[in-house]
Each structure stands twice: as C-alpha cells, then as structure tokens.
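These figures come from a predicted structure and were not determined experimentally. Below, chain A is the first sequence line, B the second, and so on; all start at residue 1.
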Amino acid sequence: DGRNQTVMFDTLEDWRYELERTKGNVKYKAVTTNEGYKVSEKLPLYFVVPICISEESILKYEGRGIPIWCWSCHNGAALLKMSAFPKEQDDSTSQMQKAFLDGIYKTISKPPYELLKTEDLSSSLPSLQDIQTAYTRFKHLFLIDNSTDFWATDVKWFSLLESTNWLEIIRRVLKKAVEVAECLERQHTNVLLIEESATDLCCVISSLVQVMMDSYSRTKAGFQSLIQKEWVIGGHGFLDRCNHLHKSDKDEAPVFLLLLNCVWQLVQQYPPAFEFTETYLTVLSDSLYVPIFSTFFFNSQHQKDINTSGESLKIQSGPFRFLTVWDWSVQFDPKAQAFLNNPLYAEKPKPDKSQRKTARFKHQRQLSLPLTQAKSSTKRGFFREETDYLIKNILGKRIGKFINSSDEPPNSFREFYDSWHSKPVDYHGLLLPRIDGPEIKVWAQRYLRWIPEAQLPGGGTIATTAKILELMEEVQSLQVKMDEEHSQGTFGDVRSVPMLRNSARLSSLFPFALLQRQSVKPALPTSTWKDLEDEDDLVKRDDEFVDLGSEML
Amino acid sequence: MASSSTPKYNSNSLESSSTKRTLNDGTSWEQNEEIPRLPGETRVTDKDVIYMCPFNGPVKGRVYITNYRLYLRSENDPLVVLNVPLGVISRIEKMGGASSRGENSYGLDITCKDMRNLRFALKQEGHSRRDIFEVLTKYAFPQSHNLLFFAFSNEEKFSENGWMVYNPMSEYRRQGLPNDRWRVTFINEHYSLCDTYPSLLVVPYNATDEDLKKVAAFRSRNRIPVLSWIHPETQAVIMRCSQPLVGMSGKRNKDDERYLDIIREANGQISKLTIYDARPSVNAVANKATGGGYEGEDAYPNAELFFLDIHNIHVMRESLKKLKDIVYPNVEESHWLSSLESTHWLEHIKLVLTGAIQVADKVSSGRSSVVVHCSDGWDRTAQLTALAMLMLDSYYRTIEGFEVLVQKEWISFGHKFASRIGHGDKNHADADRSPIFLQFIDCVWQMSKQFPTAFEFNEQFLITILDHLYSCRFGTFLYNSESLREKEKVAEKTLSLWSLINSEKSKYTNPFYTKELNRALYPVASMRHLELWVNYYIRWNPRIRQQQPNPVEQRYMELLALRDDYVRRLEELQITNNSKVSNSSSSSASPSQIMSQVQTHF
C-alpha cells in the first residue's frame, strides 16, 4: 500500500501537487520543456523552475545554469539546485556562460523572490572520492572473520573508527544542512545549491534539509516521496554510484548511503519525530542492491524509460515489469513490516474542523502525542498565536533583509543552533541534529548485525521496542473487547497472538540475525591490555603506600 | 553581562531546575525565603558576585552559602541558577590579587568532584573575598576544621527508613545461608579480627574460628577470604579477600593453603579452585617487595590463578582527569574519538567488566568456586564481586537489591569511601582519592544500556547515587569502614540515601523493567558497545544535554496508563452489561470516541 501514498514525481500533476503542498506555486512553476527529453536526458521529464525562467534559457545549455526548485519553506524561502557549467578552456564560451548566469541571477533576485545565497557544494563538502575512500575504510572495520579479529581490533576501535573519517563526513554534511536550514528558516533567504551535476551532494543536502524542516518528510510516505523527488527522478546516478554492473574496479560511491547514515543520526536522536524506524532505514539500504526493483537501478528517468518500455525488454511472457521498492509487501509479510513503523511516532494531531481553516499547524507549539492531547489548550492560545504569526510574517521579511544586507556575524550558525537546542523539541517542527563529537554514532544495527560477538541476547533497543509493541497489542485487543461489550456481541477470545514471544530473549541483532546461542556463554575479550604510555610510574605504584613486610615484623 | 540572545538555561546541580516551591531533590522552599533550604540547613552568608559561566558568559548574581550548599541566582534574565552541595567541592583557589587588572580577574576558582569547575569574580575592595573564602573553606571541608558533616545536622523526614534496607543476616538467608557447608561467624563482632570487615561473616563450615585467626595473619590487613555470594544451583561461591603476604622470600602459610582447599571442597568440587587476582601480573609481582604477592603454584597446587589486568587507583584517577579535560567546559571539537580513546577511561571500564564476566562465568557455567582479590581487596575486588553478583543474581537488579549490593559489597566490606572521595577534607591532591566507585556505577550503567529491560532502576537512580556520593547530606557513604561508622553512630545520627530514594521510588523506576529470575546477564565488553555516559559526564554542558524526560520512556508510560484505564473501563462495562442485560446504551463512553483516541501505528 506504500505505493499508493508515495508520490512518484513522474507526472506533471505530482509536481503541481508538491508545489501546492509547500505553497511554492506563487513563485515557481512545473514545466514540460523536457518532454521527449528535449532539454537533457539527465533531467526528469517534468521539473520545477522559477516562474520568470523562460523556456529558451532552459534549452540553451541543456538545463545547466538553471535553478531547479527542490522545496519551499513555510516562509516562502525556497531551496534550489543548479547544475554548474564545467570549466571551459575557451574564453569566449565561459564569458557567455558567465553572462547567462548573471542574467539568471538578476532575474531570480528581483521581487517576488527573496535574497539568494549560493552554496557551492563541491568546495564546501568532501569530494565523492573522499566519501568513497572513507566508506571503504569504514566498511572494512566490520568485515570480521573471526572472534580473534574482533577482539584484536577492539582496543583501538575508536581511533580506527576515526581514521576512516566516515563519522566526520557525516558530521560535516549534517552541519552543512543546518547552515542551509538557518538561511531558509531564520534569514528567509533562498538557497541555491550548486554542484557539477547537481545529482550527488545536492541530493544529500536538499533531502536532509527537507527531513529537518518538513515534518511530512519524516513520515514514511513523505520520506519515500522525497527519495523519489530528489534521488530517483532527480537523476542520482544509482547505477554508476552503486557500481551495480561492476563496470569500475573501484568500490561504490555511497552517496545515498551517506544520506541514510545522516538520517539515522536524526532518527536515533529524536525517535518520536519519525514515522519509520532504524530498521526501515536498514532494509531500505539493503534494497539498494536488490535487482528486482527499478527504483535504485538506473542513472536517470530517461535511462529507466528506455529500458523498461518499448522493444528492449520483450520477453516471451510479455513486457518485463520492474517493481518499486516502496511496495514493502514484496519483501516483507505484514508482521515483518510492523518493524518498519515506529510505535513511538508522535503523530501530528488532526486539527478539528473549526481550527483547520485558520490556524496553521506550524504554530501548534505543544508537543502533540496523540494520546495526551490537551483538548482545551488550542483554543486559549489561538488569538495570540495568530497575531504572533502576522507580526512575524510582516516583520520577519524586513528583518530578514536587514540582517542579510549587513555582513552576517560568523557565529550566526552557532547562535541558531544553540538557541534551537535550548528550547523543548517540537517533533513536528524544525528538527536540528546534535552534531558534537559524542552525538555522532555508528549505525550499529546496520553495521554490527552480522557479527556474533557483538550480539546482546535479550538486549539492545529491540528489547524496549518489543515491549512497546506488546503493550500496544494489548491495548488494541482491549479496544476490541470494549467494542464487543458495547455492542453486546458474543464474547470470543479476541486476544491476538503476541508478535514477539519471549521477547526478552531476542538478540540485539533481531530482526536481521536470529542467532540463538545454545549456551549462555559470555563473549570474552581475548585481546591484551594496551600499553599505557607515559604513565609507567603510576602503573607500577601500589594502591596504598604501606609496606606490608615491615608491618609484619 | 550575558547577552539577551544567549539561550536561557540553568546550570543546575542535583537536578533542581526551576524556582518551583518543591525542588526535585526534595528540598522545600518557604515562601518568604530567598533560597531553598533543607530542614537543619542554616544560612551563613551571601554576597554579590559575577558567576563566570563557561557557557553563558559572565552572569551577575547573588551567591548564598549555607552549611550545606552554595546557591546562586542570577540578577537578570536569563535566569541562571547554581545549586551545589558543598560536599562536591574538592578545591577552592583564589585567583588574581588585590592589584590584578583586567575585568573579572579577581575572585575564586572552585574545582568540583562532579566534573565541573565554578568561577566567581568579586569586587576587589574591602576584603570581600576573604570572608567568602573562609566560610566556604570551613563548610566545604568540615573534617579539616573539626566540624561535623552536614549529614549530622540534616533533619529531613522520609516515609521510608533506608537504614533498614540492608540486614546482613537476611541477605545471607535469602541466599540460602547458612547451610551444612557454610556457617555464619561472629568472630569479628568487635572488629577484632579485621577492623575493615563487617562484624558478620560467612565462612566454610569446616573452618574453625581459630583457623580464621591463623589465616588472617597471612592476609593483608587481615582481610581473610569470606563468602560474598553462593550460586543457588551449582553451590559454587564467590569469595573475596586481600593478597597473601608472600613477600620477597616467598613465605607460605599452611593454614591459608588448607583454608583455600576447604573452600574448594565446600561445593563438592573436584576441579581446581579459581583465584582471580584483579591486578596486572607485573604489579602482583612487584607487591612482593612490600610483603604482598599472590598465591604461588607450589603452595596452592589445587588452585589456578588468573590476573585480570585491572590497573590501580592512581591510573584510574589520572584517566578521569584526562576525561574531564576533554569534556569540560567544552567538548573536544576535533578528533573526539581519538581523544576519548587517549583518556583510556572506557578501556578501564572494559577491563573491569571483562574481569567480572570471567568471575561470573566461572561460577555459573564453570561450576567452580572462585576467590577474588587485588592488593587490599577493597577497590578492584569490590568492583569485581559486585558486578559478577549483578550479572548472576537478578535480585541485585532491582532497586532494593542494588541498594543491598552497594551496602554489602562496598560499604560493609570497607571500600574506603572517605579516603577515595575525600569527604570534607581539604587535601585535594591526596593520592588516596580515586573514582573507583564511580567506575563501578559506570559499569552498571553500561550494562543497563545494553539490557534496557533488565534493571528495575533507571539512569536517574545511578546519577542520584553519584550525586550523594559527594554531597554529605546522607550518612550512607561517610567513613571508611563499618567499625568507624558504628563509632560515629552514623545510623542513629544521620539519614540514609535509601530513605530519599525509597520514599519516591517511582522517580527511579525503569518502566521497561521485566522481571526475570535466575538469568545470567553478560554484557558485551567490547568498545563497539561501550559508550561514554554523556548524561553524567557531560551533563553540565547545555549543548550536549539529552532530552529529559526520555521520549521513549514517556511514550511507554502513557501506553501503560492507557492500558490501565482500558482495563478499568472494561471491568466497569462488564459489570454494567451483566446487571443491565437489556439496556446497552447506559455506558458512559462511546466506542467510536475511544477508537479515535488511539490511532496507534503498526
């Protein structure tokens, strides 16, 4: 059923719906210029650009130099991406390109567009090569042959981890996403992400920004739609980056995995904010390599189109049909699918009718767990919130421009970050990751799951998750019973079978490895103590300075 | 002055966070008073100062000093509150002189035992600093000024009496002791055999009190091997003691050798007795020079000896110092992981846990009795026996059971809390100080993190124990031994920390706790799973602070409440339906209303 909710972005209507949803339709339009891939085979059939951009300019450089819309923030500021021009040898060509770009910038800096901040990702983020190298090293840390290897690397684990640089890359990417969010949210400034192809780090940053700023992207359908929009239709080169065909000797360039690793940090920092679980992210990452799905198999929409339609794949039994990953029932039965949904998700309360017309959900500040909703609170603060919103709306724009006209203080990022973290979290509002060293962690479920030494029988987060699921089942069966009592129906045994029997004995590796140890033998480290450098004098001292020998005399 | 744009937060101590009338630490706050006070707490002085907050910048405020705490409230917004029991103070230093120039360069620098430093700037004129320095020094270090700890003035009242929690006799009975192999002896009733042991001891049935005296002569500080725990099925035991006094000449003692053999035979065991020496072997060898040592193969042919490579108190102290350097006031920005590794703190935790796992596994699946010792048997030994017991006996994973465990293995068996913490003592550089108990609590936290449903208590319970390890508000951790505590009449004159906790148990209860009997719980002592206890070590940093309350826990509590509500309403419905069979519209809640409330996700 995931398919029905996930917006695929392969039709003009999907884009129009997205523009409407984000209220971006005032300043941005979905265009059909690329029908028949007239503009470029790398671009999707339909995409969105500022209203003022003409068809000719889109066609001029195959879509290069054109700001393509990703998403609009509630205050109207938009997140855009642009494929940069390659470095030209020819001076006159680059002059022309420069003039073209100047023209574009001029057009989109005029009202109704706000100020624009450009963000060249190739200079401010690690390169694809860096990412690839880091991930290759990181991955190797988890390819462990035996127990001896496991314990031998254990003592130096933290420095080994650091030397891969993978967590540092995650940290830098998250930090960049916070910076972009700050521009959009606080400075009301459009942000234009620039990258050579606009299909690698652009996808990572724009997806992360949306996950952080748009609570719809934190629902399952919303997240899947986001992946469709930015990655699948957006033209991320999955085929090349995942190296599906092993065309290159090199390892994969795990750009999409980088995104999932970053989202995982947010999921584990703010569990109630996401409709999906870390298990969902893990199986999604696995699905990258399942060749029955078309979702992550091609470099572009065009490549998919020519490979799935027409003559190319006519097999005796009829046209070959690819499946979409988003239909989770292909891979998992309903019980297994339960692990993809977060039982802790703090659902957004559905506004009742009187509210819906006027109040915007954005301004419901209170944490809204569906079960503890205070019924009276919305009314009391209603008027105040509304005027607040007006004032913010009027002043915000002006202040936004004012701040931007002078030079931004260098610590504006830190201030934004600190001030957000000093307030209680609104799980439906802006969500910023914590990015200090101790907060960035290894996605243990994904990377430790096949290592028997690392399993905790009866432990790990699955232990609490299982308890929550059990309790929810109990609550639901109580509901059924109550209904039956109400309707005076026959009283059968409606207790459903517990999903996880004896949950306390599940391993922390569940549901990926069901290694049930026969004995309860603990895993014993076999490594030896590492030398304590420079502390020899301390090491050799005794706890207390009492000569026992002389005491005995 | 703090700029108005800086976030508002409280660098609070002991979890009180706002100006509410009843603080979370149980302190009541009278309407007409400026500061919260405990019964028995008296105000001594107050003064205008500038608190040099490392996160918010300088904060103008007034500091109040009582015989229990230092309390600071900022003058202006943002509201900054400091609430620091004087017991956590380790060192008070004057910074700057009467002639120092520069803004806020004259004042006091206070080093705390709980991973933070406090800095106050004062006005230079009129000896304003001398008074406050003297008052602080006097009340923070009462032992150095012939004064009593605040615990002796504390007049709080609690509904529970924590001193009743641990009764050694009932604890041994719970373990099924005494039995035909093990007896209770009162030989140490007046602490004449060993002044750092409790008065009641459990020893092999086949060893006479005379034997015990002879063994005592061969064990450091007379700390003979005595029983800590017995396995209910295998009857294998955990014994604890100090090192044998072997010395350079390799002395032997027939009584000690025979005594260990009696222990081995007590559970009908044919295999060898296992001795775990917690120290690295080099240290054990080095100890011979000062008269100590370890059980040699020749003298103890029926025993196997293993060294567990856990380092001494000095190494641990330095390690924590390094940890503080990278987390306070600022968390190391670059190279966090290698910085953390270079403190070795988690490596020490790993080794302690590894040792305890070995002890527990030997007793449980190896069905062999074990003897655990280090040098004196009151630091590393206490860590190992207590952790092994926690792994083997689920009773100790309850709130009450854990209190018993701490009371038994640490307090009654003479972990030198006074020396290791330096309660009320001004000698901050004392080499006897060491965070051994903190390390144990960290190990427990690591276990509770790995097994989130196995412990009845929550993180707050562990943090509260650590806070009051220093606060001197309760008598629980005062003094080095049971004999000294008896002499000072601690149980009569002070309150127990367990009174505070047991009077408000729900606050310290883990909602996910699932009772499981007789299940051995082995943590994975791998760096892949061990993590820095951020909520304790970095709790003063507002940037790092975790969400409180824990959202996962909160959601579960809500579900529990909902279930209870449903059960109650269902019972009501059934009663109504049974009595009014024909009239079904009489019930109070409509089913659709209930359904819409719980749109639970699956």
Indicate the atoms forming the closest heavy-atom contact of V425(A) with L431(A), along with that distance. CG1-CD1, 3.9 Å

R279(B) portion near chain A, given a 4.5 angstrom heavy-atom threshold: neither

In terms of heavy-atom pairs under 4.5 Å with chain A, which of E553(B), R380(B), M391(B) leads? R380(B)

Top residue by heavy-atom pair count (under 4.5 Å) with chain A, among L532(B), N283(B), L353(B), L521(B)? N283(B)

Heavy atoms only, distances under 4.5 angstrom: which of V331(B), L560(B), V327(B), D565(B) has the most pairs with chain A? Name it, please. L560(B)

The interface call for L530(B) against chain A, heavy-atom contacts under 4.5 Å, is backbone

Bottom line for Y513(B): the part with an atom under 4.5 Å from chain A's heavy atoms is backbone

In plain terms, say whether E470(A) and K467(A) are close enough for a salt bridge, that is, a side-chain N and a carboxylate O under 4.0 Å apart. no

State plainly whether the residues R172(A) and E168(A) are in salt-bridge range, i.e. N to O under 4.0 Å. no

With chain A, the option among S338(B), S526(B), P452(B), S342(B) that has the most non-hydrogen atom pairs under 4.5 Å is S526(B)

Closest non-hydrogen atom pair, S364(B) against Y522(B): CB-OH, 3.6 Å

Part of F150(A) within contact of chain B (heavy atom distance under 4.5 Å): both

Identify which part of L167(A) has an atom lying under 4.5 Å from any heavy atom of chain B, answering side chain, backbone, both or neither. side chain

Tightest non-hydrogen contact, residues I451(A) and F142(A), listed as CD1-O, 3.9 Å

Sort I435(A) into side chain, backbone, both or neither according to what part of it lies under 4.5 angstrom from a heavy atom of chain B. neither

Is there a side-chain contact between Y427(A) and F274(A), using heavy atoms and a 4.5 Å cut-off? no

Comparing E332(B), H335(B), K449(B) against chain A, the one with the most heavy-atom pairs below 4.5 Å turns out to be H335(B)

Closest contact, heavy atoms only, Q358(B) versus L308(B): OE1-CD2, 3.6 Å

Shortest non-hydrogen contact between V524(B) and Q450(B), atoms and distance: N-OE1, 2.7 Å

Please rank L471(A), T153(A), D436(A) by heavy-atom pairs under 4.5 Å with chain B and give me the top one. L471(A)

